[in-house]
Amino acid sequence: MKEFLAGQYDIAVIGAGHAGIEAALAAARLGRKTICFTINLDAVGNMPCNPAIGGTGKGHLVRELDALGGEMAKAADRACIQYRLLNRGKGPAVHSLRAQADRRLYQQVMKHTLERQENLTLRQGEVTEIRLTDGAVSHVVLHTGAVFAVKAAIVCSGTYLNGRTIVGECVQDGGPDGMFAATRLTGCLAGMGLSLRRFKTGTPPRINARSVDFSRMERQEGDSQTMPFSFETAQAPVNRAVCYLTYTNEQTHRIIRENLDRSPMHSGAIEGVGPRYCPSIETKVTRFADKPRHQLFIEPMGLDTEELYIQGFSSAMPEEVQLEMLHTIAGLEHAEMMRPAYAIEYDCVDPLELTPTLACKKLPGLYGAGQFCGSSGYEEAAVQGFVAGVNAALAQRGDAPLVLSRGQSYIGTLIDDLVTKGTDEPYRMMTSRSEYRLLLRQDNADERLCPIGRRIGLVSEERLAQVEAKYAAVRREIKRLASHGVAPSPELDAFLTARGTSPASDGAPLIALLRRPQVRYADLRQFDPDMPELPAEVAEQVEISIKYEGYIQRQLQEVAELHRMERRALPPDTDYAAIQGLRLEAREKLAAVRPVNLGQAARISGVSPADVAALMIWLER
């Protein structure tokens with residue numbers, strides 16, 4: 001095929017899913033001439049799995065991305081149709097926002113955002129080759145023969161890279177939702193010396209709402225008081241959709257067990273490693289054989305479609321077995337299946353090939369993000385795309401890179417886990433991944449990360465000033481509560497007794513009352529005539545700061561120690577084999593990961609505290 005030079009750009013983004021969108025927007029907004037490639041323009045911002053944004057741990061990522069200047073939260077608030085705050089019965093550290101999205105509206109919003117962005121070209125075409133000049137990225141080549149000169153490339157290939165879909169015995173090359181797979185780039189990446197692996201994910205069947213008996217299911221409304229994803233969304237979102245809950249049963253499980261010999265998961269037809277925390281229904285039934293039922297959430301795909309998504313029912317069973325399973329479930333006895341469930345296998349890179357900037361260690365100018373790096377989920381992909389896009393742009397400007405630490409953000413935790421520990425399965429963010437989750441709440445992401453977003457140039461001065469004013473108001477109110485008290489009274493004692501806590505016979509400072517678990521900030525108003533009218537988000541921060549002060553201070557001390565370790569840089573050319581006192585395993589692991597500092601070295605699997613002590617002695621010398 002005859003090639004031709006089709007253009008010259010600073011950065012090429014390969015893929016326009018959730019990682020590619022954030023990478024392209026960040027790079028373009030930082031002044032780099034950027035081109036974003038997608039196999040099909042109709043797949044920009046697609047949600048091939050569940051039509052939702054956020055969830056436990058994932059909602060934290062979306063709000064952190066918003067605080068840094070990313071796009072996902074804003075698009076979600078324009079396209080989501082039902083909002084729920086998860087884990088309300090637990091502490092604020094694990095409160096996580098999740099929302100059902102209108103799938104096609106979300107795509108429309110994101111595609112239009114890319115089309116309108118200055119410095120950004122959106123282009124349909126399959127990238128088949130990345131070329132190097134003097135060992136660094138210099139060109140990308142499309143299947144049509146179009147060649148683009150570039151200074152950096154960010155691979156955001158999602159599940160398209162050498163993709164293969166499986167429905168029972170039906171196996172074919174392909175990407176999600178019947179799209180073409182990217183079948184030729186894998187060979188190029190492997191030829192460059194990258195270590196690749198094979199992962200797998202899956203989807204449930206889609207059904208027609210017209211054929212569903214909702215009266216046999218549990219109705220799940222959205223929250224009566226909604227919270228937006230973006231700190232900049234002024235109006236509370238409106239819930240416009242309803243979800244439903246139903247369950248599998250012993251009949252469903254019997255059909256699955258009787259057909260396990262036809263399951264690609266159990267026959268060996270699927271080679272890729274699937275996500276442990278989002279298993280197929282056949283895996284659930286075999287792994288948890290004692291459970292009589294499993295939850296299924298019936299979720300709308302949008303406002304202008306009758307298509308429903310069955311969360312919790314992922315499968316790779318043959319189509320006729322899927323139908324038989326489906327019709328055993330309460331409310332779905334006559335359900336019409338519009339799309340069968342399928343598993344999809346795809347190639348990805350070993351994330352140990354990457355630095356904390358998501359740059360490839362071996363190939364200057366090459367970055368990765370999203371499922372290409374071994375993660376799963378739209379939110380995990382989006383934040384990685386943002387970090388990769390920012391760092392590709394900053395590197396070309398000669399500026400210091402963006403590296404978020406575990407003590408600053410869930411984004412830092414996610415990337416550090418991938419590039420330091422690696423992963424043998426699709427990585428999913430959960431609140432339990434973070435040692436500092438009381439500090440890294442979704443409600444204070446603006447305080448933690450807006451200053452960083454401003455420093456890199458993606459948050460405006462006006463927005464940062466608003467954030468600073470918000471937290472100045474929090475500090476003022478905490479100071480006022482510490483200096484004001486309430487006199488003893490029968491009314492006060494009656495209130496406290498009714499709340500299940502002891503009376504305050506001598507009165508009490510307002511701050512001491514609020515420290516009691518049974519007392520809320522709003523409760524103080526009846527005893528505090530000077531209480532100001534604070535915005536809800538300010539009052540929330542006041543209450544959390546006071547109630548959890550001791551725990552927060554303890555975690556701040558732990559983060560200070562983490563930062564002390566991370567200030568001890570390790571030279572990139574360190575010869576670990578020559579350092580006395582290191583065990584053989586530690587030498588091999590350190591040489592493979594090439595940690596950038598002592599803190600990262602300490603988190604590598606196989607590096608012991610004694611090895612870290614040996615590194616510290618070597619650094620001192």
Side-chain angles (χ1 to χ4, degrees), residues 56 59-60 63 83-97 221-228 231 236 431-432 434-448 467-560:
T56 302
H60 292 68
R63 296 206 106 204
Y83 284 70
R84 296 179 67 201
L85 185 64
L86 307 181
N87 301 321
R88 281 184 181 273
K90 301 179 182 179
V94 295
H95 291 175
S96 297
L97 187 59
E221 302 279 359
D223 290 342
S224 56
Q225 292 185 317
T226 59
M227 171 196 301
F231 290 96
T431 52
S432 59
S434 175
E435 313 92 307
Y436 313 110
R437 55 183 176 270
L438 188 53
L439 293 179
L440 308 182
R441 307 182 310 275
Q442 66 166 22
D443 58 79
N444 69 352
D446 54 346
E447 181 185 30
R448 290 184 280 117
V467 172
E468 291 172 341
K470 170 183 171 181
Y471 287 94
V474 172
R475 291 189 294 273
R476 282 196 305 271
E477 179 60 3
I478 292 173
K479 184 178 180 180
R480 190 191 70 84
L481 292 173
S483 62
H484 285 62
V486 56
S489 69
E491 292 78 13
L492 175 63
D493 287 346
F495 165 77
L496 294 174
T497 302
R499 287 300 174 95
T501 183
S502 59
S505 55
D506 296 326
L510 290 169
I511 197 169
L513 288 178
L514 189 52
R515 286 195 180 106
R516 300 189 185 201
Q518 303 88 344
V519 179
R520 303 297 305 273
Y521 176 74
D523 296 333
L524 300 179
R525 181 170 297 281
Q526 58 190 302
F527 306 106
D528 181 12
D530 299 324
M531 177 181 279
E533 290 288 346
L534 296 177
E537 62 271 18
V538 173
E540 178 186 38
Q541 293 305 309
V542 169
E543 183 166 336
I544 291 172
S545 299
I546 290 174
K547 285 189 180 300
Y548 297 93
E549 180 182 14
Y551 300 103
I552 289 172
Q553 289 303 317
R554 189 183 309 162
Q555 288 205 343
L556 285 171
Q557 292 171 6
E558 295 169 357
V559 169

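Both backbone and side-chain heavy atoms feed into the values below; hydrogens, waters and symmetry mates do not.
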Would you name the heavy atoms of Thr431 and Ser96 that are closest together and state the gap between them?
CG2-OG, 4.3 Å
NE2 (His95) and CZ (Arg441) are apart, to the nearest 0.5 Å, by 10.5 Å
The side chain to side chain contact (heavy atoms under 4.5 Å, CB included) partners of Glu435 (sequence neighbours excluded) come to Arg406
Are the charged groups of Glu533 and Arg525 less than 4.0 angstrom apart, N to O?
yes
Going by the side chain to side chain donor-acceptor pair (under 3.5 Å) test, name the single residue among Gln518, Arg516, Arg499 that passes it with Asp523.
Arg499
With a 4.5 Å heavy-atom cut-off, do Arg480 and Pro532 have their side chains touching?
yes
For Lys470, give me all partners under side chain to side chain contact (heavy atoms under 4.5 Å, CB included), at least two apart in sequence or on another chain.
Phe231, Asp446, Glu537, Val538, Gln541
Return the set of residues passing salt bridge (Lys or Arg N to Asp or Glu O under 4.0 Å) with Asp493 (not counting sequence neighbours), or none when no residue passes.
none
Applying side chain to side chain contact (heavy atoms under 4.5 Å, CB included) to Ala472 and not counting sequence neighbours gives Arg475, Arg476
When rounded to the nearest 0.5 angstrom, what distance separates CD in Glu477 from CG in Leu510?
8.5 Å
Pair listing, ring pair (Phe, Tyr, Trp, His ring centres under 6.0 Å) test, anchored in residues 527-546, at least two apart:
Phe495-Phe527
For Asn444 and Tyr471, what are the C-alpha separation, side-chain angles and deciding distance, and is it a side chain to side chain contact (heavy atoms under 4.5 Å, CB included)?
CA-CA 10 Å; Asn444 69 352; Tyr471 287 94; 3.9 Å; yes
Return the CD1 to CD1 distance between Ile511 and Ile478, rounded to the nearest 0.5 Å.
6.5 Å
Would you name the heavy atoms of Ala504 and Pro488 that are closest together and state the gap between them?
O-CB, 4.1 Å
Say whether, by atom type as modelled, one donor and one acceptor occur between the side chain of Asn87 and the main chain of Thr56 under 3.5 angstrom.
no
Please list all pairs meeting ring pair (Phe, Tyr, Trp, His ring centres under 6.0 Å) that have one or both residues in residues 497-518, counting only residues at least two apart or in different chains.
none
